[in-house]
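Worksheet for the structure shown next.
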Amino acid sequence: IFLKELNSRGPLYKVAAVQRNIDAELPVDLSDAGMPGIDTGSYDIRVTDRDVILARWDVPVANLTAGIYNNLRVLQFQGTLVPIRRGFTVVKARIGGKSIIIANTHVDNKGNQPTVQATQAADLISELNSIDLPTVILGDMNSGPDDLPFSPYSQFLAADFKDAWVERSNDSSSPDNPDGNTCCQDKDLGNEESELDRRIDLVLFRSSASDGSSDSWRVRTHLIGDQPQEDPIQPLLPIPPPYIYWASDHAGVATELRMR
């Protein structure tokens, strides 16, 4: 659905890499859920999560690797153990006559087991350290500048990655979100005022070891979806105003990187 909508606006994009992560199906009893608009009773619910990299159709891309992290959390949901599988994808793209590595991941949230997400980040860094090319990492890291020293964010910086929001040359912050926070609106997106209070969705980059400093990059970045939109449908429904919506519980990060 997303790819079809994206391609309807041009230019055309293609799927460069896919990694299926969580894929769980189980019966769920919603008798005591108290969820408005949803009938109580038993349901068969399936959750499928993927990491995907899209590339513009005219960019040559090679799918290098993808996988599931070995270290993961296991949650118990109504008596059923559900492994929270997280993964990554890595491709090599040829842009402007240069090869560049693009990696995508969704690192687990720390919950009460912060060592899980720390190990996942370490595994991805180890995978990328074997490739001596300029590298960009994209994703929801569930980690930001205010986290502990062993957090994913701290590990990426220790591995010589730069944070695009920090390194940006343009002033793209809005007055009500000067820190570029990307997480999180209410799960039902029903909040009237923004509740973004953490910056955990990141674009990170570094030069190859042979190229030297990452200071040779020109960086422009801004957020998408951190401001409320007027909903054209809600006024037609029997619900009270305000008629606003959020695109997602997270804001997106759009970044332009140029190697000088």
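Between Val59 and Ile95, the closest side-chain pair of non-hydrogen atoms falls below 4.5 Å. The shortest side-chain heavy-atom distance between Met259 and Lys98 falls under the 4.5 Å cut-off. With contacts defined as side-chain heavy-atom distances shorter than 4.5 Å, the pair Met141/Leu204 qualifies. Side chains of Gln19 and Thr105 form no contact here, defined as non-hydrogen atoms less than 4.5 Å apart. A 4.5 Å side-chain heavy-atom check between Val203 and Thr221 finds every atom pair outside the cut-off. A heavy-atom distance below 4.5 Å is not found between the side chains of Asn109 and Ile200. The closest side-chain heavy-atom distance from Asp186 to Asp249 is not below 4.5 Å. The shortest side-chain heavy-atom distance between Arg198 and Cys184 falls under the 4.5 Å cut-off.
Among Arg86, Arg20, His106, the one residue that satisfies the side-chain contact (heavy atoms from CB on, under 4.5 Å) test with Asp51 is His106. For the side-chain contact (heavy atoms from CB on, under 4.5 Å) with Ile84, the qualifying choice from Leu72, Val116, Asn21, Ile22 is Ile22, the only one to do so.
Note: the hydrophobic cluster containing Phe150 does not contain Leu202 (ILVMFWY, side chain heavy atoms under 4.5 Å, direct or indirect links). A single hydrophobic cluster is not seen to contain both Leu138 and Leu54; linkage of ILVMFWY side chains at heavy-atom distances under 4.5 Å, directly or through other members, places them apart. No chain of hydrophobic side-chain contacts below 4.5 Å, direct or via other Ile, Leu, Val, Met, Phe, Trp or Tyr residues, connects Tyr13 to Val136. Residues Val15 and Ile53 do not share a hydrophobic cluster, clusters being chains of Ile/Leu/Val/Met/Phe/Trp/Tyr side chains in contact below 4.5 Å. Placement of Leu257 and Val61 within a single hydrophobic cluster is found when ILVMFWY residues are connected by side-chain heavy-atom separations under 4.5 Å, directly or transitively.
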**Item:** side-chain hydrogen bond (donor to acceptor under 3.5 Å, both in side chains) evaluation trace for Arg94 with Ser99
**Value:** CA-CA 5 Å; Arg94 189 76 176 169; Ser99 293; 2.8 Å; yes
**Prompt:** Hey, mind stepping through Asp108 and Asn71 against side chain to side chain contact (heavy atoms under 4.5 Å, CB included) and telling me if it holds?
**Reply:** CA-CA 10 Å; Asp108 205 348; Asn71 203 345; over 6 Å; no
**Request:** Please assess Phe2 against Val52 for the test side chain to side chain contact (heavy atoms under 4.5 Å, CB included), listing each intermediate value before the final yes or no.
**Result:** CA-CA 12 Å; Phe2 176 80; Val52 179; over 6 Å; no
**Message:** Set out, in order, the CA-CA distance, both residues' side-chain angles and the distance that settles salt bridge (Lys or Arg N to Asp or Glu O under 4.0 Å) for Asp23 and Arg46, then state yes or no.
**Reply:** CA-CA 7 Å; Asp23 190 7; Arg46 181 170 183 172; 2.9 Å; yes
**Derivation and outcome, side chain to side chain contact (heavy atoms under 4.5 Å, CB included), residues Leu26 and Ile45** = CA-CA 6 Å; Leu26 64 160; Ile45 293 181; 5.5 Å; no
**Message:** Between Phe161 and Ile137, is the side chain to side chain contact (heavy atoms under 4.5 Å, CB included) condition met? List the steps.
**Reply:** CA-CA 9 Å; Phe161 282 95; Ile137 306 177; 3.5 Å; yes
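Using a distance-only test at 3.5 Å, with no hydrogens or angles considered, no donor-acceptor pair links the side chain of Asp147 to the main chain of Ser151. In this structure a side-chain-to-backbone donor-acceptor pair under 3.5 Å is present from Asp140 to Asn142. Ser126 places no side-chain N or O within donor-acceptor distance of the main-chain N or O of Ala122, the cut-off being under 3.5 Å. In terms of modelled atom types and a separation under 3.5 Å, the side chain of Ser8 and the main chain of Glu5 share a donor-acceptor contact. Between the side chain of Gln76 and the main chain of Val82, no donor-acceptor pair closer than 3.5 Å is present. Of the possible polar contacts, none joining the Arg56 side chain to the Asp58 backbone as a donor-acceptor pair under 3.5 Å is found.
In this structure, CH2 in Trp165 is found 10.0 Å from CG in Asp163, a value given to the nearest 0.5 Å. Here CG of Leu133 is found 6.5 Å from OG of Ser208. Values are rounded to the nearest 0.5 Å. To the nearest 0.5 Å, atoms CG (Leu75) and CZ (Arg73) are separated by 5.0 Å. Between the NZ atom of Lys92 and the CD1 atom of Ile131 there is a distance of 8.5 Å, given to the nearest 0.5 Å. Annotation: the span from Ile101 atom CD1 to Ser130 atom OG amounts to 9.0 Å, rounded to 0.5 Å. Taking OG of Ser248 as the start and CG of Asp226 as the end, the distance is 12.0 Å to the nearest 0.5 Å.
In terms of heavy atoms, Ala251 sits closest to Leu196 at CB-CD1, 4.1 Å. Among all heavy-atom pairs drawn from Val219 and Ala164, the shortest one is CG1-O, 3.6 Å. When all heavy atoms are compared, the tightest approach of Ser194 to Gln185 is OG-NE2, 3.4 Å. Between Thr89 and Val18 the shortest heavy-atom distance is CG2-C, 3.9 Å. Closest of all the heavy-atom pairs between Val91 and Ala16 is CG1-O, 4.0 Å. Nearest heavy-atom pair across Glu193 and Trp246 is C-CZ2, 3.9 Å.
In this pair, Phe88 and Tyr69 present their aromatic rings tilted. The plane angle is within the 30 to 60° band.
In the displayed structure, Glu25 atom CD is contacted under 6.0 Å by more than 12 heavy atoms of other residues, nucleotides or ligands.
With hydrogens and angles left out, the side-chain atoms of Tyr153 and Asp146 include no donor and acceptor closer than 3.5 Å. Judged by distance alone, the side chains of Asn70 and Gln120 never bring a donor and an acceptor atom under 3.5 Å apart. In summary, the side chains of Arg199 and Thr182 do not present any donor paired with an acceptor at a separation below 3.5 Å, with no hydrogens or angles considered.
Aromatic rings from Trp217 and Phe205 are positioned such that their centres are separated by under 6.0 Å.
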